[in-house]
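As structure tokens, the structure follows; a few thoughts come after it.
Residue numbering restarts at 1 for every chain, and letters A, B, ... go by the order of the sequence lines.
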Protein chains: 2
Amino acid sequence: MTTADRLSDVFAALADPIRRDMVATLAEADATVTELAEPHDVTVQAISKHLKVLEEAGLVSRTRDAQRRPAHLEADVFGLLTTWLERHRRLAEERYRRLDAVLASMPDDPSSTPLAERATTTHDHPDDRTTP
Amino acid sequence: MTTADRLSDVFAALADPIRRDMVATLAEADATVTELAEPHDVTVQAISKHLKVLEEAGLVSRTRDAQRRPAHLEADVFGLLTTWLERHRRLAEERYRRLDAVLASMPDDPSSTPLAERATTTHDHPDDRTTP
DNA sequence: CGTTCATTCAACCAACTGGTTGAACACGAA
DNA sequence: TTCGTGTTCAACCAGTTGGTTGAATGAACG
């Protein structure tokens, strides 16, 4: 699976409030399906499905303890998110700095569009790679 | 709208590879719908819809320039994500440290379950608040 | 004016999601 | 073996999503 696909799965998994709540709970301690279900007024089966989504996104792993199957938060995946986030936050910041510079070095030239200036520039930006 | 809802919208918006790509492009420069559509082989209407999703998630704002409506990346929202991410990464780390401590101060006591130890502890954790 | 370009609206469709109920499976205990 | 508990599988349903085509709107330009 490509990094883009994994990112999609992780973001999608965290787009649901119940699932985010489950992650929050698991950040404090491993927990079973029934334990995770208790605070939410949906059936245990629904929680089981949610857990499967988290599992397939790589956010959670399962162990076995007799008939119980405790879930464990796989915190590594947060790194993936942080990387993506950092990259784009950084880009946006650089963009601001660049724009400020342009504005500063431009007294009043009417031939330059104020916003959306040269949008067709050098953006050959494939995105979603495992950091080049 | 509550913080949880906003988080859901942002995560959902970023769960789509095309939309992530659009964000990547916008991180470098503002761009119009047609410009954003060019690299992807879907119709301009589809991109317009994607842009609306990003807009409603607060990730993008629109300006007007004659018949064009350039999109601008609203980088502030990244802060919301970073906050959530940091909080849970931090929790997970603390959990590891705590667990290590427990394991260290426990020579070999058979009455303690190895993993999933006391899952029914103090987790009154409402989650998704605007940082208390 | 009519044309052309950029964008959006509207209706439609297939696929996916989040939920349900009911049945099945997997263990440990009696 | 039977019973109870925890978990999952299967089928189903309503609502959402991501895409399409076709028509409508908005603004510059001849």
Practice task
Give a yes/no answer on whether the side chain of A:Arg62 brings an N or O atom under 4.0 Å of OP1 or OP2 in D:dT8.
Solution key: yes
* Asked: Taking only side-chain nitrogens and oxygens of A:Ser48, does any of them come within less than 4.0 Å of OP1 or OP2 of D:dT8?
  -> yes
In whole angstroms, the gap separating P of C:dC5 from CD of B:Gln67 amounts to 11 Å
Problem - B:Phe11 and A:Phe11 aromatic ring geometry - parallel, tilted or perpendicular at 30°/60° bounds - result: tilted
In whole angstroms, the gap separating C1' of C:dG18 from CG of A:Leu54 amounts to 14 Å
d(B:His88 NE2, A:Leu14 CG) to nearest 0.5 Å is 9.0 Å
Between CD of A:Glu35 and C1' of D:dG6 the distance, given in whole Å, is 11 Å
Checking C:dC9, D:dA27, D:dT7 against the side chain of B:Lys52 (C-beta onward), the nearest is C:dC9
Closest of C:dA6, D:dT7, C:dT8 to the B:Val33 side chain is C:dT8
**Prompt:** Do the side-chain N and O atoms of A:Arg68 and A:Thr34 include a donor-acceptor pair separated by under 3.5 angstrom?
**Reply:** no
Item to complete: May I ask you to verify if any side-chain N or O of B:Arg69 is less than 4.0 angstrom from the OP1 or OP2 atom of C:dT8?
Response: yes
message = For a 4.5 angstrom cut-off between non-hydrogen side-chain atoms, does A:Leu26 reach A:Leu36?
response = yes
Check nucleotides 15-22 of chain D against the protein and report each pair of N or O atoms closer than 3.5 Å, with its distance, or say if there are none.
{"unit_1": "D:dG18", "atom_1": "OP1", "unit_2": "B:Arg19", "atom_2": "NH2", "d": "3.2"}
{"unit_1": "D:dG18", "atom_1": "OP2", "unit_2": "B:Arg19", "atom_2": "NH1", "d": "3.1"}
{"unit_1": "D:dG19", "atom_1": "OP2", "unit_2": "B:His50", "atom_2": "NE2", "d": "2.2"}
{"unit_1": "D:dG19", "atom_1": "N7", "unit_2": "B:Lys49", "atom_2": "NZ", "d": "3.1"}
{"unit_1": "D:dG19", "atom_1": "O6", "unit_2": "B:Lys49", "atom_2": "NZ", "d": "2.4"}
{"unit_1": "D:dT20", "atom_1": "OP2", "unit_2": "B:Thr43", "atom_2": "N", "d": "3.0"}
{"unit_1": "D:dT20", "atom_1": "OP2", "unit_2": "B:Thr43", "atom_2": "OG1", "d": "2.7"}
{"unit_1": "D:dG22", "atom_1": "O6", "unit_2": "B:Gln45", "atom_2": "NE2", "d": "3.0"}

When rounded to whole Å, the CZ to P distance for the pair B:Arg68 and C:dT4 reads 18 Å
Review point. Does a side-chain N-to-carboxylate-O contact under 4.0 Å join A:Glu93 and A:Arg89?
Key: yes
Are the side chain of B:Glu35 and the backbone of B:Thr32 linked by a donor-acceptor contact shorter than 3.5 Å? yes
B:Glu38 atom CD is separated from C:dA6 atom P, nearest whole Å, by 13 Å
To the nearest angstrom, the NE2-P distance between A:His40 and C:dG18 comes to 14 Å
note: B:Glu56, atom CD; C:dT8, atom P; distance rounded to Å ~ 12 Å
Scanning both residues in full, the closest heavy-atom pair of A:Leu73 with A:Asp30 reads N-OD1, 4.3 Å
